[in-house]
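Beneath this line is the structure, given in structure tokens, with notes to follow.
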Amino acid sequence: MLVDGAGSAEAAMRAATATVPQRLLAWYDRHARRLPWRSPPGTPPADPYRVWLSEVMLQQTTVAAVAPRFARLLARWPSVAALAAAPLDDVLHEWAGLGYYARARNLHACAQAVAAAGGFPDTEAGLRALPGVGDYTAAAIASIAFGRRAVVVDGNVERVVARLFALEQPLPGARPTIRRLTDTITPDLRAGDFAQGMMDLGATICTPRAPACALCPLREGCAGFASGRPEAYPVKPPRAAKPQRLGTAFWLTRGDKVLLVRRPAKGLLGGLLALPTGPWSDAAPGLDGAPAAARWRLLDGTVQHVFTHFRLTLALATAAAPSDGLAPDAIWWQADRIDEAGLPTLFARAAARFREDT
DNA sequence: TAGCCGTGGGA
DNA sequence: TTCCCAAGGCT
């Protein structure tokens with residue numbers, strides 16, 4: 001059995017669980033967060049384009065970070081057709097600083113597929129086939145924008161459900177169980193409001209560290225609350241330490257311009273403009289991989305950056321470009337307009353340091 | 001399937 | 001400082 005305890009206590013728990021959707025929806029009707037991409041509970045659903053756009057932007061990204069960028073992106077491309085017609089480069093540029101840049105590439109590809117089809121598919125399976133739309137996003141759009149019943153499981157729902165049932169099985173192995181349990185508490189009607197309510201609950205009450213159980217509409221019947229340590233759920237495996245890598249970023253000037261490179265289309269920071277760097281390895285590479293033979297000068301200090309799975313420390317080297325020996329496809333960018341290059345954060349910070357140096 | 005893929009903020 | 005975390009998807 002999934003629920004700890006025995007006898008009448010377990011029966012009471014099951015009875016309480018049966019009322020989860022009603023209690024959650026009632027709570028959502030009173031406490032729904034007002035968000036730029038959301039239509040309030042009880043009003044017609046939001047435009048699928050806005051729902052899709054917000055869901056992609058919100059993947060692994062906080063509401064606070066997304067809100068201003070969502071407004072900017074929507075103002076620039078008010079429809080999926082407008083976004084589809086934009087050059088990919090413009091989309092990547094607009095995405096600069098948001099991270100996970102494959103999202104921007106998939107966003108553009110998805111917009112083109114949807115525009116060509118004349119609109120968004122209105123089924124979960126149809127949505128799931130679009131680039132950048134996985135299980136979560138397909139279920140979210142199907143329920144929120146199209147009113148369909150779908151089982152929506154994001155990190156918030158995962159946490160709420162793991163606590164509700166005090167699941168002892170650690171992630172990620174517990175995911176199939178969590179999905180099954182979420183299915184059992186998802187209502188046939190208002191599945192979109194239910195999903196958004198669960199996410200709001202997870203974001204504001206059933207938080208990762210110190211859940212505010214006193215305010216929770218699902219406290220009664222919550223096995224995690226009953227256990228006395230709800231924050232222990234979901235159980236997670238120990239995390240591996242991040243390796244440290246070292247590299248050098250090069251600031252090569254020619255007059256008032258600086259050399260940029262286009263990174264390979266896929267992989268880390270794929271397709272973005274960047275400063276040239278040598279190899280990133282576990283030993284300081286010095287001037288290895290410099291874009292030209294020149295009188296390089298090392299700046300004091302470094303730029304540190306943390307990626308998902310490693311830390312990077314970049315030394316900073318600068319020089320004036322020689323008159324020859326440079327790749328013909330070199331990108332020379334006006335140095336005092338480097339902020340407009342759409343550099344990812346790591347290189348934007350390095351560039352700021354170089355510009356302070358002069 | 002588990003590793004890859006950013007960034008900023010909070011404790 | 002360090003660690004954790006945030007509306008995941010792709011391969």
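In what follows, chains carry the letters A, B, and so on, assigned in the order in which the sequence lines appear, proteins first and then strands, with residues in each chain numbered from 1.
With ring centers used as reference points, A:F250 lies under 6.0 Å from A:W296.
Contact annotation for A:V306: base contact, defined as any heavy-atom pair under 4.0 Å involving a base atom. Residue contacts for A:G270: at a heavy-atom cut-off of 4.0 Å it reaches no nucleic acid atom on any strand shown. Using a 4.0 Å heavy-atom cutoff across all strands shown, A:L269 reaches sugar-phosphate atoms only and no base atom.
Under 4.0 angstrom from either OP1 or OP2 of B:dT7 there lies no side-chain N or O belonging to A:T62. Contact between the side-chain N/O atoms of A:R159 and the OP1/OP2 oxygens of C:dA6 is found at a separation under 4.0 Å. A:R69 has no side-chain polar atom (N or O) that falls below the 4.0 Å cut-off from OP1 or OP2 of B:dT7. Distances shorter than 4.0 Å separate none of the side-chain N or O atoms of A:Y100 from OP1 or OP2 on C:dA6. The shortest distance between the side-chain N/O atoms of A:H305 and the OP1/OP2 oxygens of B:dG6 is not below 4.0 Å. OP1 or OP2 of C:dG8 has at least one side-chain nitrogen or oxygen of A:Q60 nearer than 4.0 Å. Taking only side-chain nitrogens and oxygens, A:R209 never comes nearer than 4.0 Å to OP1 or OP2 of C:dC3. Listed pair A:R311 / C:dC3 meets the phosphate criterion, a side-chain N or O lying under 4.0 Å from OP1 or OP2.
Separating the CG atom of A:N106 from the P atom of B:dC5 is a distance of 15 Å, rounded to the nearest angstrom. Atom CG of A:L127 is separated from atom P of C:dG8 by 17 Å (rounded to the nearest Å). Rounded to whole Å, atom P of B:dG3 lies 14 Å from atom NZ of A:K242. Rounding to whole angstrom units, CE of residue A:M199 and P of C:dA6 are separated by 13 Å. The separation between A:L130 atom CG and C:dC10 atom P is 10 Å, rounded to whole Å. One atom, CG of A:L201, and another, C1' of C:dA7, lie 14 Å apart when rounded to the nearest Å. Rounding to whole angstrom units, CZ of residue A:R263 and C1' of B:dC4 are separated by 14 Å. Taking atom CG of residue A:L312 and atom C1' of nucleotide B:dG6, one finds them 12 Å apart after rounding to whole Å.
Contact of A:T61 with B:dG8 (side chain to base): no donor-acceptor pair of N or O atoms is detected under 3.5 Å. A donor-acceptor contact under 3.5 Å is formed by the side chain of A:T308 with the base of B:dG6.
Note that CG of A:L73 is 5.0 Å distant from CE of A:M57, once rounded to the nearest 0.5 Å.
In terms of heavy-atom proximity, A:T182 sits nearest to A:T186 at O-OG1, 2.7 Å. Looking at every heavy atom in both residues, A:W332 comes nearest to A:L252 through CZ3-O, 3.4 Å.
Looking at which nucleotide of DNA chain C each of A:L58 and A:V133 is closest to, the 5′-most match is held by A:L58. Between A:P172 and A:P344, the residue whose closest nucleotide on DNA chain B is further toward the 5' end is A:P172.
A:F307 is linked by a ring-ring contact (aromatic ring centres under 6.0 Å, His included) to A:H305, A:F310, counting only residues two or more places apart in sequence or in another chain.
Hydrophobic clustering (side-chain heavy atoms under 4.5 Å, transitive across Ile, Leu, Val, Met, Phe, Trp, Tyr) groups A:L343 together with A:L299.
Nucleotides B:dA11 and C:dA7 have their P atoms positioned 15 Å apart, rounded to a whole Å. If you take atom P in C:dT11 and the same atom in B:dG6, they sit 14 Å apart, rounded to whole Å.
Look at A:R38 and A:D200 and you find a salt bridge, because one of the NZ, NE, NH1 or NH2 atoms lies within 4.0 Å of a carboxylate O, short of that distance. One finds no salt bridge joining A:R175 and A:D135 here, because no Lys/Arg side-chain nitrogen approaches an Asp/Glu carboxylate oxygen to under 4.0 Å. Using a 4.0 Å cut-off between charged side-chain N and carboxylate O, A:E231 and A:R209 make no salt bridge.
Applying a 4.0 Å cut-off to non-hydrogen atoms, the residues of residues 136-149 of chain A that approach DNA chain C are A:Y136, A:T137, listed by residue number. Scanning residues 27-47 of chain A for heavy-atom distances under 4.0 Å to DNA chain C yields A:R33, A:L35, A:W37, A:R38.
Checked by atom type, the side-chain pair A:T61/A:R103 shows a donor-acceptor distance below 3.5 Å. No side-chain donor-acceptor contact under 3.5 Å links A:Y136 and A:Q59.
Proximity note for A:Q59 (side chain, C-beta onward) versus C:dG9, B:dG6, C:dA7: the nearest is C:dG9. Of the candidates B:dT7, C:dA7, B:dC5, the closest approach to any side-chain atom of A:L268 belongs to B:dC5. Listed nucleotides: B:dG6, B:dG8, C:dG9. Nearest to the side chain of A:F307: B:dG6. When distances run from any side-chain atom of A:H309 to the nucleotides C:dA7, C:dC4, B:dC4, the shortest one goes to B:dC4. Distances from the side chain of A:V63 to the nucleotides B:dG6, C:dC5, C:dA7 place C:dA7 closest.
Panel note: side chain A:T19, backbone A:Q22; no donor-acceptor pair is recorded below 3.5 Å.
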